[in-house]
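Because the structure is predicted, anything quoted here is derived from the model rather than measured. The basis for the numbers below is simple: all heavy atoms, side chains too, and nothing from hydrogens, waters or symmetry mates.
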Amino acid sequence: MHELANDISEVALTLGHDAGPVQEWRACPVCGAEPGSNCIRRPGHEMVNGMHPERTKL
């Protein structure tokens, strides 16, 4: 599914649309943030660029 998200993002860019970061299309396994929502700080979990690293891993 994550590979398809990358493909969709590339096609959107080719058509002149910015689909945003693919990571934002996924729910966060740490804080439960829904796709398109920002991550929420949780004790004991670091955030990188406003997201939990677990959300950005493929």
Side-chain angles (χ1 to χ4, degrees):
M1 173 102 74
H2 297 302
E3 290 179 24
L4 290 175
N6 285 330
D7 292 345
I8 291 168
S9 180
E10 288 178 20
V11 170
L13 285 173
T14 301
L15 296 173
H17 303 285
D18 183 10
V22 174
Q23 294 84 355
E24 292 180 1
W25 298 8
R26 304 178 192 136
C28 182
V30 174
C31 67
E34 294 294 325
S37 299
N38 295 326
C39 285
I40 302 165
R41 293 193 182 277
R42 296 283 187 213
H45 293 277
E46 291 186 33
M47 292 177 63
V48 178
N49 295 326
M51 289 188 202
H52 293 106
E54 294 87 348
R55 186 176 189 178
T56 61
K57 292 180 185 173
L58 294 177

Legend entry - Expected output: side-chain Ser37 to main-chain Ala33 donor-acceptor under 3.5 Å: no
Legend entry - ILVMFWY cluster membership beyond Leu15 - transitive side-chain contacts under 4.5 angstrom: Val11
Inset, instruction - Could you grab the distance from atom CD of Glu34 to atom SG of Cys28, nearest 0.5 Å is fine? - result: 10.5 Å
Legend entry - Considering all heavy atoms, the nearest Cys39-Gly50 contact: CB-O, 3.6 Å
Legend entry - Distance (rounded to the nearest 0.5 Å) between Ile40 CD1 and His52 NE2: 8.5 Å
Legend entry - Under 4.5 Å side-chain linkage, directly or through intermediates, the cluster mates of Leu13: none
Legend entry - Enclosure of Arg42 CZ (heavy-atom neighbours >12, cutoff 6.0 Å): yes
Legend entry - Those residues that, when tested against Pro29, pass side chain to side chain contact (heavy atoms under 4.5 Å, CB included) (two or more places apart): Glu54, Arg55
